[in-house]
Structure formats: structure tokens, C-alpha cells
Amino acid sequence: MKNFYITTPIYYVNDRPHIGHSYTTIAADVHARYHRLRGESVLLCTGTDEHGQKVALSAEAQGIQPQEFVDEVAGSFQQMWQRLHIDYDRFIRTTDPAHMATVQHVFSQLRESDDIYLGEYEGWYCVPCETYLTEAELTDGCCPECERQVEQVTEQAYFFRTSAYADRLIEHIESHPQFIQPKSRRNEVLSFIKEGLRDACVSRNRMEWDIPVPDDESQSIYVWFDALINYLSQVGYPDELDEFDKWWPPQIQLLGKDILTRFHATLWPAMLMALDLPIPEMLFAHGWWITDTGDKISKSKGNVLDPYEVSQELAEISGATTAVAVDSLRYFLLREVTFGLDGSFSRQALLSRFNADLANDLGNLLNRTLPLAERYLNGVIPEPGPGAGELRDEIERIRTQVEQEITQSNFSVALMGIWELLASANKFLDTRAPWTLHKESKQVELEAVLYDVLDCIRVVAIMIGPFMPKVSDEMWQQLGLQSAGIEKSWDDCCALELPSGITVAPGRPIFPRVDIKRAMDRLRADSKEQPEPAAADMISIDEFEKVELCVGTIVEAHRIPGADKLLRLVVDMGEADTRQIVAGIAQQFNPRELLEVQVVVVANLELATIHGVESHGMILAAGANEPEALVITDSKCPPGTIIR
RNA sequence: GGCGGAGUAGCUCAGUUGGUUAGAGCGCGCGGUUCAUACCCGCGUAGUCGGGGGUUCGAAUCCCUCCUCCGCUACCA
């Protein structure tokens, strides 16, 4: 039996499950269900990424323990997947002891093989200038500013030798055209690698809520290193070798385009090369959903969509069951947009697909055929008879197409194919007009025609199963196949496999048609009743207060060798030590004229390293692109004065 | 700044290695039908294939150039 192993990324628990996570996971579920229908042994893995300082801080903000916090969020992901009919096999959490052991094992092993080494983050330090310098910045081994001797600093961290694998990565990507999909992403990755890879720093100063580096209590393992290894620990690496050998490597790893280049397409395969393990067969990076006004859907914009809420809203508007509405959303997400490209989400588009594709084409076909069977055949599926099988070629053609397209993750094209088959069935019914045959008492022909259409609906029910599992079940039920105990199998996607003698069981329309105009009016009215507090671009006073602005006095200003736009400023902010800040103002301002100037500093901006120099803040300047004027105080203030 | 992708009917998009009148779905218009969820079936509508130039017997498809949008990347913190 063939084995099929597919993964989604594990989702960071700092966020609630939204449409982006759901999109990836639904797509993975489609693959998994398809392969199960083919009788293969399938492993679909997903999970949550639960380490990192952000998690600890979020927990603290809610006044609960980190463990309590991650349990809660991991639970909300599991609940969402259940609600969206996602039939995953394993749900891994990076706080699982087994996973943590695997991460430490891998770390130790790579350290032993010298793929991970202890290095210095900054390299060189000029004491008088208080500056960290990289090898490339030194002039004759001395500080480029003061030309004095520099010292090597011993701020240690662990590095993974990504750079050592650059050539092998390029070779692998070029010789495996299927490895990175879609093709445009593959080009991006190649050019990224060819520009030169830097070794990845895979440890951080020890934090409580992290995995410690083995035998080094001062360091924690970097969350990305931790997270990527989930794909290995899911399948029992390194201890359960039988299990591991059964599944490794994954056939498909699905992910969003944002985490392809730096992590899944470089660090990850390089780690596997270092471990001497086979590389996954395919990484597929899909696009993002944006709103119909073109905005990215994000937490900060407050336009995050909860897919279950959207489904419930659709259920309410249409009168469909929640299960059918969920499947309709699944259909929409995979049909509306080419997998790999960005797509825009709107209620209008969802309702339009619901009516045009689901209610009119699919639902109506079922709903016109079953009553015919009841009326003319007493609801009993007849023998195919000699005239039956007229849709055989069409079924055969579509089946082949759908198989190819699903394998290539071309879900929208696969669905278009199934809808071609539906159109053929609708047309066939019209052309052969069983109601006329009945009037003319052509019973044999009548039975053949109805048999063919019912048979075709059966095939469609199987083929949409991966996309809309509950709708598929409902169709199976109405065809009477459920009660007859017939199992669905992809192999039965061919003509004349419908067993005769079964009694059909028509139900209420699965997809009740929506009056889109009225529905949209209602939705608009609803959204007026509870006015969204904010035009998406506005922020609250609370959000503003997160930004810490202070007065700072520039006490030193230096050019940075090799960087013609940057100045390295040393700023007195009334703190025990001065701060080093990098600013992109070298083309507008001379270092000398900046001395003693009091500027506005964003004090709580996270650390950034620009051109190899650390920057502990940002100074404010006017000008959208180029800095035109510095924001300064109009009279002398003590350094560190709060601005608000 | 560098690299890459895209600009095709009102809307969303297909268009393989250049080859006869440029396609689909939705929408819209007309007709048919009545088994069905005002559905289904048929017919039709429209596009100087981003602008300009070039190669060719022939280009949406190849080359050059310009414009617009997007992605990645970089000395925008």
C-alpha cells in the first residue's frame, strides 16, 4: 500500500485560527482525503508552535501561566479544524516532551557533526567607540572610526552552517523542478540563495519558555529551529524508526508564501542535508487572502475573518445546514482562486459561487433527478440496460483530469472539471427529456437515461468528497447508497458502477438558493447596527501609548564605512548608558551639525541590526521616502523627557 | 537599487513549443423547456490581448523600450 505524508506548518499560538491558517489546512485535508479515497495510507499532520518569549508575555498579559495559555489556544485550533471538517491524523504541539527531546537530540547531533558551532554574534568590538564590528568592516584589522585596535567579543551564540549547504541546495532545487512550487517562488528562492546565505543563528539567550540548548544553560534553541523539527518528531524521529521509515519524507509540505524562502526552502532542507535525511518531495507555497478592497487581512487591520463565523452567517442567510455552509466555504476558497496566487475574499463572491455553482448546478441537478426517479421508477435504481453508459467517456475524461489537477494542487481547475461533468449531466437530462419518454411510454430508454444521470451524480459525489466531505455524504445518503452500505472509493469513479435495486432517499434541497441582493442589504444593515469602531486605518489611544517617545541628545555621530545613507548616532536619553541608533540620514545631514541636537526617539523599538550595526531605537524625521527634516524640540529639555 | 512576476471581454481569469475568424465562467440580452431551487438548455453581446517600436509570410505568444501593479531582496528602523 502506498503511503502519503502531508504537512501543514504548525501555527504560532500568539494568534487565533483565522482564514489564512484554515486555507492551508483545508488544502492539506483535500490532498489527504483524496489519497484516502484512493485506498492509500495517509498521514496528515498539523499542530501548534508554542515556544518563544511572545507566548510567555501574552500569557503574562492575561495573568495566566504559559502552559494554561498554550493549552487554551491549541484547543481552539483543534476545535476549528473539527468544525471545518478537517480530518487530521496527528496534532503536534512543540511543548510535547517527545518533540522537545527530538529537538535537543537534533541539536546535539548537529553540534557533534560541527554543523552547529558556537560563534560570536558581533565578532569585533571597539571599546572607545562602543561599537560592534563585523570582519568586513575592519580596516587593516582596526576600527574604521578611530583606527585603534579592536577586541574580539565573547558574546556567544550557536550557528547552523546554512552557508555550507548553499551549493547543494541550488543543485537540489535545479535538479528537482517539482521541489518548490509554484515556479515563480522557485525562482525567488534560487536568487535568494545565489545572493549568498548567512549562517543562521539558532540560539538565543535563555528564556524560561523555550527549549534549552543541551549542556548549555545560558542558551535556548531558536523557535524556528524548534518549529521545523516538528515535521520529524511527528513521525517518531529518531527513536521509532519503523514509523519514521514508513512515512519519511513528506510528499507535500504546504505553507504560506511568507515562510518559504528563509525557512522552508533554505534552513529546513539544509538541516535535513546535515542530518543526512531525504528532502521532502514538494514544498507548495500558497498565496494570501485579501479583502475585496485590496487590503491584506491582518490582525492589526481588524479585518480578520473567522471562517466558522463566516460559515454560520452563510448558513443563516441561505438556510443551509452549518455543515453544508462550511463545505461551501471550503469550496469557495479552493475554487475561487488559483492555488498559489493571492485571492480576494468578499461576501458577494461567496454568495455568488454558492448560488451559481452549488445551488443551481449541483444542488438543482440532484433535486430534479431524484423526484424523476421516484415518479417513474418508484424510487428504485434500475438495471443499467443495453442503452446505458452514454456518459462513460465524459466521466472517464473528467476523472483523469481531476486526478492530474489534484496531484498538482490545482484545486480550482480540478473543481472546474467536476463542474463540466455536472453541466454534461444537466444537458444530457435536457436532451433526453425523460418526462417526454415517459409520455411516449418508452420505459426502457427512460430507465437507461435516469440510470446514467444517477450514476453520474454518484461519481460527482465521490469526486467532490475531498473538497466537500459532508455534502458528499449527504448526496450519498440521498442516492440511497449510505443505507445500502456502499463505501466510497475513488476507483468507482467510472460509469455503470451504480448498483441497481437501491431505493433513493430525496431530502430537502442541500443548497437553498440565496436572494443575493436582499442578503447583501441585510448584511450591510447588520454592519451598520454594530458600527465597527474604526476605519481600519485608525488606531486607539491605547495602541498609540504602546509607542514610547523620548527626547534624546545626540552626543556622537559617525559615518558607517561602506554605507552611504547611514549614520551611527550615540544618543543620551537620560539612561545609565547612552544608546547607539542607526539612522538613514547621511545624505542629508553632516555628522558634525548633529552634535548636541535634541531629537525625538522611539525608545521601545525592537533591536535591529543594520549593515552590521546594532540600532536601539529610531529617530523621527519628516519626509515620506527621503528624510527632509529632523523632528527636534523647540527648547532645551532634559534627555529622556517623555513625549506624548 | 537588484532580481522576478503580472497587465487579455463589465467582473474573475485560461491561453501549451509564434499559425487559420482570441477562449471559459459570472453578468447582461433573446429564445427554448417545465422534471427541478425564477432552475436547466440553446443562441447572442462585447476585447486596437497595457502604450510604442522591431523580427517574421504570420505574434497575446519572440526581441527592444516606456507606463502601471505586485512579490522577493537590499544601506528605508
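Letters go in sequence order (proteins before strands), and every chain restarts at 1.
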With [atom1] as the reference atom in both, quote the distance from [N] to [M] in angstrom, rounded to an integer.
| N | M | atom1 | answer |
| --- | --- | --- | --- |
| B:rC64 | B:rU12 | P | 29 Å |
| B:rU68 | B:rA59 | C1' | 23 Å |
| B:rU48 | B:rC43 | C1' | 27 Å |
| B:rG47 | B:rG23 | P | 14 Å |
| B:rU16 | B:rA6 | P | 11 Å |
| B:rG50 | B:rC67 | C1' | 8 Å |
| B:rU73 | B:rC57 | C1' | 45 Å |
| B:rG10 | B:rU37 | C1' | 27 Å |

Give one of base, sugar-phosphate or nothing for [X], where a contact means two heavy atoms less than 4.0 Å apart.
| X | answer |
| --- | --- |
| A:V582 | sugar-phosphate |
| A:A583 | sugar-phosphate |
| A:R262 | sugar-phosphate |
| A:G363 | base |
| A:P512 | base |
| A:D361 | sugar-phosphate |
| A:Y376 | nothing |

*Partner set under salt bridge (charged side-chain N to carboxylate O under 4.0 Å, His left out) for A:K470, not counting sequence neighbours*: none
*Applying salt bridge (charged side-chain N to carboxylate O under 4.0 Å, His left out), name anything that partners A:R579, two or more places apart in sequence or on another chain.*
A:E575
May I have the distance from [X] (atom [atom1]) to [N] (atom [atom2]), rounded to whole angstrom?
| X | N | atom1 | atom2 | result |
| --- | --- | --- | --- | --- |
| A:R518 | B:rA38 | CZ | P | 14 Å |
| A:L422 | B:rC41 | CG | C1' | 15 Å |
| A:F339 | B:rA14 | CZ | C1' | 19 Å |

Without swapping roles, check the side chain of [X] against the backbone of [Y] for a donor-acceptor pair under 3.5 Å.
| X | Y | value |
| --- | --- | --- |
| A:H438 | A:Y376 | no |
| A:N378 | A:V380 | no |
| A:Q478 | A:P506 | no |
| A:S412 | A:R335 | no |
| A:R330 | A:F467 | yes |

Side chain of [X]: nearest nucleotide among [options]?
| X | options | answer |
| --- | --- | --- |
| A:S615 | B:rA77, B:rU37, B:rU34 | B:rA77 |
| A:E195 | B:rU73, B:rU37, B:rA36 | B:rU73 |
| A:A423 | B:rC35, B:rA77, B:rC41 | B:rC41 |
| A:A359 | B:rU37, B:rC75, B:rU34 | B:rU37 |

*Could you tell me the separation between the NE2 atom of A:H616 and the OG1 atom of A:T578, rounded to the nearest 0.5 Å?*
10.0 Å
*Enter the distance from A:W419:CH2 to A:L358:CG here, rounded to the nearest 0.5 Å.*
5.5 Å
*asked:* Please compare A:M618 and A:R353 by the position of their nearest nucleotide in RNA chain B and report the one closer to 5'.
replied: A:R353
_Pairwise 5' ranking along RNA chain B for A:S191 and A:T338, keeping only the more 5' one_ = A:S191
Tabulate below the donor-acceptor pairs under 3.5 Å that side-chain atoms of residues 454-461 of chain A make, not counting sequence neighbours, or state none.
from, atom 1, to, atom 2, distance (Å)
A:D455, OD1, A:R458, NE, 3.0
A:D455, OD1, A:R458, NH2, 2.8
A:D455, OD1, A:L498, N, 3.2
A:D455, OD2, A:L496, N, 2.4
A:R458, NH1, A:D492, O, 2.8
A:R458, NH2, A:D492, O, 3.4
A:R458, NH2, A:C494, O, 2.8

*With pairs defined as Watson-Crick or G-U wobble and both distances under 3.5 angstrom, please note down RNA chain B as a dot-bracket string, | for pairing with another strand.*
(((((((..((((.....[...)))).(((((.......))))).....(((((..]....))))))))))))....
*side-chain contact (heavy atoms from CB on, under 4.5 Å) evaluation trace for A:W289 with A:D342*: CA-CA 6 Å; A:W289 285 94; A:D342 290 353; over 6 Å; no
Write out a two-atom table: protein N or O, nucleotide N or O from nucleotides 69-71 of chain B, distance below 3.5 Å.
from, atom 1, to, atom 2, distance (Å)
B:rG71, O2', A:R185, NH1, 2.9
B:rG71, O2', A:E188, OE2, 3.1

*Is there a residue in residues 424-432 of chain A whose heavy atoms reach under 4.0 Å of RNA chain B, and which residues are they?*
A:N426, A:K427, A:D430
*Output yes when at least one side-chain N/O atom of A:N360 is less than 4.0 Å from OP1 or OP2 of B:rC40, else no.*
yes
*Is the centre of the A:F339 ring less than 6.0 Å from the centre of the A:F284 ring?*
yes
*asked:* Taking the six-membered ring for Trp, are A:W268 and A:F263 closer than 6.0 Å centroid to centroid?
replied: no
